[in-house]
Amino acid sequence: MELNIINRANRIKRNSQTILTQAHTAATGKPPSAHPTPGADRLSLSQQAVDFLKAQNQRLEALQRAVRQNQQMGDNMQSEEAQLKHLEKDLKAMKTCHKIAARVMAGDKVPPEDLQYLMTHDPEGYKLALAMRKPKADPKEYKSALDKEERGEAQAGQESASASETAESTPAQTSGGTDM
């Protein structure tokens, strides 16, 4: 038994057309006309034109996907650059803290803003440096190990600490006067 695919496809096409015709006749009460109404537009495309349009749509979709991926990669790179800058800043602060802690442990004199910087950026290191401090008969007096930016941070920290100490001592004085 030999199957002829073309004849089968034509038979399916005729059957579907008759089913559509019957459905239209049942719904409207009159058979569909062979020609469209005068106001309707009609477009006929060859299979080659349809294939060309499909290929163009596929290229456009691929291009849009590529643009979206590039945007996502750009966003990821920006966030990675921000993380890298943040890590670089943290590493610089850690290096400065280690330098200050080494000076304190050696028993040398360190400026108060350096101690404040160490206390705010590495509290455990500050405690350890004070606990391991070795007394020296002739301690070396160091200049600040901080950059201008870091000094500004340390001075701001000292000002806020002194402001909080002042705020804590003021209520104690006023409450002491009311108890009498």
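Just so we're clear, the structure is a prediction, and the values are computed from it rather than from any experiment.
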For K99, side chain to side chain donor-acceptor pair (under 3.5 Å) partners two or more places apart: none
Salt bridge (Lys or Arg N to Asp or Glu O under 4.0 Å) contacts in which one or both residues fall within residues 66-86, not counting sequence neighbours: none
Validation row: D90, M94 side chains within 4.5 angstrom (heavy atoms): no
Neighbour count above 12 (heavy atom, 6.0 Å) for Q64 CD: yes
Shared-cluster residues of L128, by chain and number - hydrophobic side chains joined below 4.5 Å: M105, M132
For Q56, all residues meeting side-chain contact (heavy atoms from CB on, under 4.5 Å), sequence neighbours excluded: F52, R59
Partners passing salt bridge (Lys or Arg N to Asp or Glu O under 4.0 Å) against D108 (at least two apart in sequence or in another chain): K136
Sequence-distant partners of S46, side-chain contact (heavy atoms from CB on, under 4.5 Å), two or more places apart: Q48, A49
Partners meeting salt bridge (Lys or Arg N to Asp or Glu O under 4.0 Å) with K95 (sequence neighbours left out): none
Qualifying residues under side-chain contact (heavy atoms from CB on, under 4.5 Å), relative to L53, sequence neighbours excluded: L45
Side-chain heavy atoms of L91 within contact of L87, under 4.5 Å: no
For K127, salt bridge (Lys or Arg N to Asp or Glu O under 4.0 Å) partners two or more places apart: E124
Side-chain donor-acceptor pair present, Q72, N76, cut-off under 3.5 Å: no
